[in-house]
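Worksheet: the structure to be examined is printed underneath.
Below, all heavy atoms of this structure are taken into account, side chains as well, without hydrogens, waters or symmetry copies.
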Amino acid sequence: MKLFHSPTSPFVRKVMVTAHELGLAERIERLPSAVHPVARDGQVLAAHPLAQVPTLILDGGEAIADSRVICEYLDALAGGQLFPAPGAARWAALNLQSTADAVLDAALLIRYELTARAESERSQAWMDGQGAKIASALDWFETQVGALGGVDVGTIALACALGYLDLRFADLGWREGRPNLAAWFAGFSERASMRATA
């Protein structure tokens with residue numbers, strides 16, 4: 001398999017953490033890409049119409065995009081370990097993944113506003129709105145730490161979201177007032193899959 005990637009993409013990291021957890025990382029060749037919110041990468045576009053990372057090229061040549069789809073594909077390929085069976089645990093893991101991904105979406109929208117737009121075109125109200133979404137999600141994560149189990153797609157997504165905030169928004173100080181979440185992340189970050197993708 002081949003993966004179009006960007007070394008700082010949190011969604012790529014989510015896929016690669018998943019691959020490491022499943023023992024599939026060595027089967028994935030990472031292909032460089034130059035994706036951008038304005039200028040699309042023609043090489044990725046030739047593989048998939050969204051021209052985004054991550055995009056996974058399967059052994060048969062088909063391409064799938066979006067970290068949620070790719071992670072579920074890899075999990076099925078490995079025999080299903082990171083997506084709980086149908087029931088309450090599955091919905092909890094998927095909801096955690098969705099909320100963590102929404103934090104990443106909001107963070108990336110702020111990042112794009114700061115890096116892809118001229119200063120005169122930036123909207124502080126837009127960035128404040130995205131920042132508020134991040135803050136409320138972080139507060140919710142703090143209340144959920146006691147319910148977090150081992151390793152599943154939800155906890156992987158959450159760890160990658162928090163790692164991205166450290167990478168791009170260190171001044172946010174997300175740990176402040178969230179001791180449980182900070183302690184959980186410190187522990188999860190010690191996993192080999194997280195260290196290998198840092």
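- Side-chain atoms of Ser193 never come within 3.5 Å of backbone atoms of Thr18 as a donor-acceptor pair (strictly under, hydrogens ignored).
- No donor-acceptor distance shorter than 3.5 angstrom exists from the side chain of Arg13 to the backbone of Pro7, with no hydrogens or angles considered.
- Here the two rings, on Phe185 and Trp174, have centers that are under 6.0 Å apart.
- Annotation: side chain of Thr143 is not in contact with side chain of Asn180 (no heavy-atom distance under 4.5 Å).
- The hydrophobic clustering, which links ILVMFWY residues whose side-chain heavy atoms are closer than 4.5 Å, places Leu45 and Val12 apart.
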What's the verdict on side-chain contact (heavy atoms from CB on, under 4.5 Å) for Phe83 and Cys71, showing C-alpha distance, side-chain angles and the deciding distance? CA-CA 9 Å; Phe83 283 75; Cys71 288; 4.3 Å; yes
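- At distances below 3.5 Å, at least one donor-acceptor pair connects side-chain atoms of Asp75 with backbone N or O atoms of Gln81.
- Remark: side-chain polar atoms of Asp59 are paired, donor with acceptor, to backbone N or O of Met1 under 3.5 angstrom.
- For the atom pair Leu22 CG and Arg27 CZ, the distance stands at 11.0 Å (nearest 0.5 Å).
- Residues Ala102 and Lys133 approach most closely at O-CD, 4.5 Å, considering heavy atoms.
- Between Arg175 and Asp166 there is a salt bridge, since a side-chain N of the basic residue sits under 4.0 Å from a carboxylate O of the acidic one.
- Residues Ser33 and His5 approach most closely at OG-O, 2.8 Å, considering heavy atoms.
- Nearest heavy-atom pair across Leu138 and Leu172 is CD1-CD2, 4.4 Å.
- To the nearest 0.5 angstrom, Ile28 atom CD1 is 13.0 Å from Lys2 atom NZ.
- Glu72 and Lys14 are not joined by a salt bridge, as no carboxylate oxygen comes within less than 4.0 angstrom of a charged side-chain nitrogen.
- For the atom pair CZ (Phe141) and OG (Ser136), the distance works out to 9.0 Å, reported to the nearest 0.5 Å.
- When all heavy atoms are compared, the tightest approach of Ser6 to Val53 is CB-CG2, 4.1 Å.
- For the pair Leu162/Trp184, a side-chain contact is recorded, criterion being any heavy-atom separation below 4.5 Å from C-beta on.
- A distance of 11.5 Å separates OG1 in Thr99 from CG in Leu104, rounded to the nearest 0.5 Å.
- Atom OH of Tyr112 and atom CH2 of Trp126 lie 12.5 Å apart (nearest 0.5 Å).
- Panel note: side chain Glu142, backbone Leu181; a donor-acceptor pair is recorded below 3.5 Å.
- For Glu113 (side chain) and Ser123 (main-chain N/O), a donor-acceptor pair under 3.5 Å exists by modelled atom type.
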Apply side-chain contact (heavy atoms from CB on, under 4.5 Å) to the pair Trp140 and Leu96, showing each step before the final yes or no. CA-CA 10 Å; Trp140 181 76; Leu96 185 62; 4.1 Å; yes
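- For the residue pair Val15 and Leu3, the shortest heavy atom distance occurs at CG1-CD2, 4.1 Å.
- No more than 12 heavy atoms of other residues, nucleotides or ligands lie within 6.0 Å of CZ in Arg117, so this atom counts as exposed by the packing criterion.
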Intermediate values then yes/no, side-chain contact (heavy atoms from CB on, under 4.5 Å), Ile156 and Glu21: CA-CA 10 Å; Ile156 290 170; Glu21 291 287 345; 4.3 Å; yes
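- With contacts defined as side-chain heavy-atom distances shorter than 4.5 Å, the pair Leu58/Tyr73 qualifies.
- Within the model, atoms CG of Leu165 and CD1 of Ile134 stand 6.0 Å from one another, a figure rounded to the nearest 0.5 Å.
- The environment of Trp91 atom CH2 is sparse: at most 12 non-hydrogen atoms of other residues, nucleotides or ligands sit within 6.0 angstrom.
- Linking ILVMFWY side-chain heavy atoms closer than 4.5 Å, directly or via other members, places Leu50 and Val44 in two distinct hydrophobic clusters.
- In terms of modelled atom types and a separation under 3.5 Å, the side chain of Asp152 and the main chain of Leu82 share no donor-acceptor contact.
- For Gln124, the CD atom counts as densely surrounded, since its 6.0 Å shell holds more than 12 non-hydrogen atoms of other residues, nucleotides or ligands.
- Side-chain contact between Thr197 and Met16 is present, with heavy atoms from C-beta onward closer than 4.5 Å.
- Shortest non-hydrogen contact noted between Ala116 and Pro37 is CB-CG, 4.0 Å.
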Trace of the side-chain contact (heavy atoms from CB on, under 4.5 Å) decision for Phe4 with Gln43: CA-CA 9 Å; Phe4 282 109; Gln43 191 175 8; 3.9 Å; yes
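- Inter-residue side-chain proximity for Arg191 and Val151 is flagged as met; some heavy-atom pair is nearer than 4.5 Å.
- Counting heavy atoms from C-beta outward, Leu167 and Thr8 have side chains that approach closer than 4.5 Å.
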